[in-house]
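So you know, we letter chains A, B, ... as the sequences are listed, proteins then strands, and number each from 1.
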Amino acid sequence: MDHRPQAWGRPRDDVYGAYDHSFMNTNSHPNQHTQQPLVTGTSVLAVKYKDGVVIAADNLGSYGSFARFTDVKRLHTFQDTSVVGFSGDISDMQYITRHLHQKSIEESYASSSANKKSRLSAANLHTYLSKMLYRRRSKMDPLWNHMLVVGFDDDEKPFVGSADLLGTTFTAPTLATGIGSMLAQPLLRTYAGTDEEAAERTKEEAIKVIQECMKVLFYRDARSQETYSLAVVSREGVEMKTSEKLENMSWAFADRIKGYGTQTV
Amino acid sequence: MFRNNYDNDAVTFSPQGRIFQIEYSEEAVKQGSVVVGIASKKHVVLCAIKRNAEELSSYQKKLFAIDEHCGIAIAGLTSDARVLSNFMKQQALGHRLTYGRAMPVASLVDEIGTKAQINTQMYGKRPYGVGLLVAGVDEDGTHLFEFKPSGMTEELVGCAIGARSQMARTYLEKNIDAFADASKEELIKHGLQALHETLVQDKELTIDNTAVGVTGFKEGSKNKAEPFKLYEAAEVKQWLDAISESKEGNEGEGMDVDE
Amino acid sequence: MSAMFSQNPVMNGPNYSFSDAPRTNNGEFREHRFNPYSDNGGSTLAIAGADFCIMAGDTRHTSGYSINSRMAPKVFRIGGSNSDQSDATIALSVCGFAADGNALRDQLDTVCKIYRYRHGKPMSVHACAKRLSTILYNKRFFPYYTHAMLGGIDEEGKGAVYSYDPVGSYEREQCRAGGAAASLIMPFLDSNVNFKNQYVPGSGVGHELKERERHPLSRPVVETIVKDAFDGAVERHIEVGDNLQMMVITKDGIEEIMLPLKKD
């Protein structure tokens, strides 16, 4: 036995070779930032309706293909007027939400007068977040998220905006991130393809189409989960539900699936 | 001979708890020509008297647009004001860039307040020798702030700073009830009237020495700002005529009383 | 056979007894690296007339085969005194990586605003064009991945179009198409605006040939050319479509026209 306590629990040089300390020497290699997301959240969906916006995301934090965390809230309320839905890296999401929490405190100081309404609209928040993401991508140290910001714009009209790790931004009557942009977005566009159509939809219709899309995603997205969060943002405020469950799913078709690719029996 | 030992820098208190350099800097504000600001529910007006050093020279600038929704009036050292004005422009522009909205007036004023205060607590620095009236609109409504070299900022409905500004403040106090619901035109006239009060015997408000700046909400809009507009020279004639007419009327009445 | 669909993250494909990890040209392992760029498709077009200038672009915003938004304009008013840019006299179009495009637009607009503060007058297109070149060149080693174009009215009252490469090389031109469908639209413009390869009949052969004389086009003609160009591009390019945004710049300001394009 090696009696030197400082050697206990360390890889033995005679087995593994001398320990390579070079990684600690910052001059010997280039700076490295996050190269990939680790714990990730999948799609976020959002649609406008006549008096507001509905947004949803499931509560799963995946570690690769491993369903690691099953109760991760990926929708965050900002000042009871906006909601941000995150897909992508969960730790970066937590960093951003901490930052946003700080922002909202500052903002409530600024508007301490009788008018308690937040003055940072969802549109303003979207601009702010996209600048933050663009700045980080320009430093080659991205925040690995694709997020949807929902609420109202400065003209008090429903607002849905997307911002991703590159700082790319866009708005549309319906939006979906990740695999949701392939599976759910086409369905959402049949619900409301234009702002005019969205302005004719009710809250109930909006919630229904979101629920349908969450089902479709749970059927086909391997990184998805049954429990999800759903938020409705209206002029009255944010109505957040964090433990919704998908109902009336039918897995009868599953029997008939005979593997993929080369499997024939 | 008496010599004040406590006014060599801005970081030393006098035994009476005063900081003389700050008080002196506030004297610099009183040397500047007068500026008046009034806020109604819909508009904020800044009025200023511009001085010229001599007949041949141009008139100094007293009003500056900071951003679409915000402008300032200055009294004191113009060069110090220019530094503050540039700083405010930068802040307002930066805010628009990062948030896509107009900077709340209170935050903007806080920024310069903080900046000015630093100069009163660091050795080797001097306070700004200028006072500002900051007029602006945001989602909370119209705002008029006063800024002092000490870093003090304060929101008011009407204010005047600069030489003989007490006369203008007295006028504002007398008419305070009229401001809240006043129209833009009425507000400007009140502002000019207040300016008029400060004038020495043989001086008059002319189109050359008067400047007016207005910002407010667009007609029928709760949150859209009407861009800060500066009125100078011929553009202020209409209001000057209007107040001189009412003046004459008043003087007439006054004479009647005298007799 | 199942090895064909290996989950090996390094190789992500067939496994062999030898290492097949990707390498760079220098023989080192190629590390996965964050790619700061993407392409958001779309196309732009600018044509200068005698006393006007038209800047146009479609409003589709894409990532790969996905349409992100059907209404994401890429022609912007620049240098107005207000945030609504109602009194702007210059238009900027950006095509390529949209995030860079927006950053470029914001930066140029800020420059124009500061110019206005300092000089009390709006920037001329000529000055703005030079400044845009400098802004682009400043990021020579981490470029704005955009094909930018600037349009306005010059000091003589003539329509002006400036076009740029991503690192700031620029040139004043009569017309230019940019973005995804540039290679489809540009030949059409060569023929319809610059009358390339069109000669006066019977003027001779070889060097004797006389080119068809070019003349400034009228506004209705230019508008038609722009519409036709985009209808053609929409037909043949998947990244172009949804709406056509046209900014017509004259001495009286900028007029914006929005027309529908095919949504497929």
Side-chain angles (χ1 to χ4, degrees), chain A residues 78-82 84 96 99-100 102-139 143 147 149-163 167-171 235, chain B residues 39-42 44 66-70 88 90-115 117 134-147 153-157 180 216-227:
Chain A
F78 182 81
Q79 296 218 317
D80 207 41
T81 54
S82 315
V84 190
I96 294 169
H99 183 79
L100 286 183
Q102 193 65 42
K103 265 263 158 276
S104 79
I105 291 172
E106 284 167 24
E107 189 63 22
S108 54
Y109 276 134
S111 57
S112 57
S113 63
N115 185 358
K116 284 282 181 246
K117 204 182 65 182
S118 165
R119 297 186 295 172
L120 205 63
S121 67
N124 297 150
L125 184 64
H126 176 247
T127 315
Y128 178 77
L129 284 171
S130 61
K131 301 275 160 165
M132 183 170 158
L133 290 161
Y134 182 74
R135 205 181 148 76
R136 286 291 293 264
R137 87 97 218 188
S138 298
K139 287 186 185 164
L143 291 163
M147 49 222 196
V149 185
V150 307
F152 293 89
D153 64 14
D154 293 332
D155 299 323
E156 313 250 309
K157 288 210 279 286
F159 173 87
V160 171
S162 151
T168 314
T169 56
F170 45 87
T171 66
R235 287 183 182 84
Chain B
S40 74
K41 283 181 191 157
K42 288 260 151 89
V44 205
I66 295 301
D67 198 358
E68 222 176 301
H69 68 302
C70 179
M88 290 169 85
Q90 251 170 37
Q91 294 292 314
L93 210 54
H95 194 97
R96 263 188 205 277
L97 222 51
T98 35
Y99 297 95
R101 66 163 183 184
M103 190 170 188
V105 187
S107 328
L108 184 59
V109 173
D110 276 358
E111 296 277 333
I112 51 165
T114 312
K115 198 174 151 69
Q117 195 278 337
V134 183
V137 295
D138 57 30
E139 287 90 334
D140 270 351
T142 57
H143 300 281
L144 175 69
F145 283 91
E146 184 197 356
F147 159 87
T153 59
E154 191 171 31
E155 183 161 11
L156 309 110
V157 284
F217 292 111
K218 282 205 176 116
E219 204 62 48
S221 164
K222 286 203 307 280
N223 57 359
K224 287 272 173 297
E226 195 180 279

Separation of A:K103 NZ from B:Y99 OH (nearest 0.5 Å): 3.0 Å

Residues that B:Q91 engages under side-chain contact (heavy atoms from CB on, under 4.5 Å), provided they are two or more places apart: B:F87, B:M103, B:L108, B:E111

Over 12 foreign heavy atoms within 6.0 Å of NZ, A:K131: yes

Structural part of B:D110 lying under 4.5 Å from a heavy atom of chain A: neither

Rounded distance (nearest 0.5 Å) linking atom OG1 of B:T98 with atom CG of A:N124: 10.0 Å

Pairwise distance CG(A:D153) to CZ(B:R101) - rounded to 0.5 angstrom: 14.0 Å

ring-ring contact (aromatic ring centres under 6.0 Å, His included) involving A:F152 - partner list, sequence neighbours excluded: none

Distance-minimising heavy-atom pair for B:L97 and A:T127: O-CG2, 4.0 Å

Side-chain ion pair, A:D154 and B:K224, N-O less than 4.0 Å: no

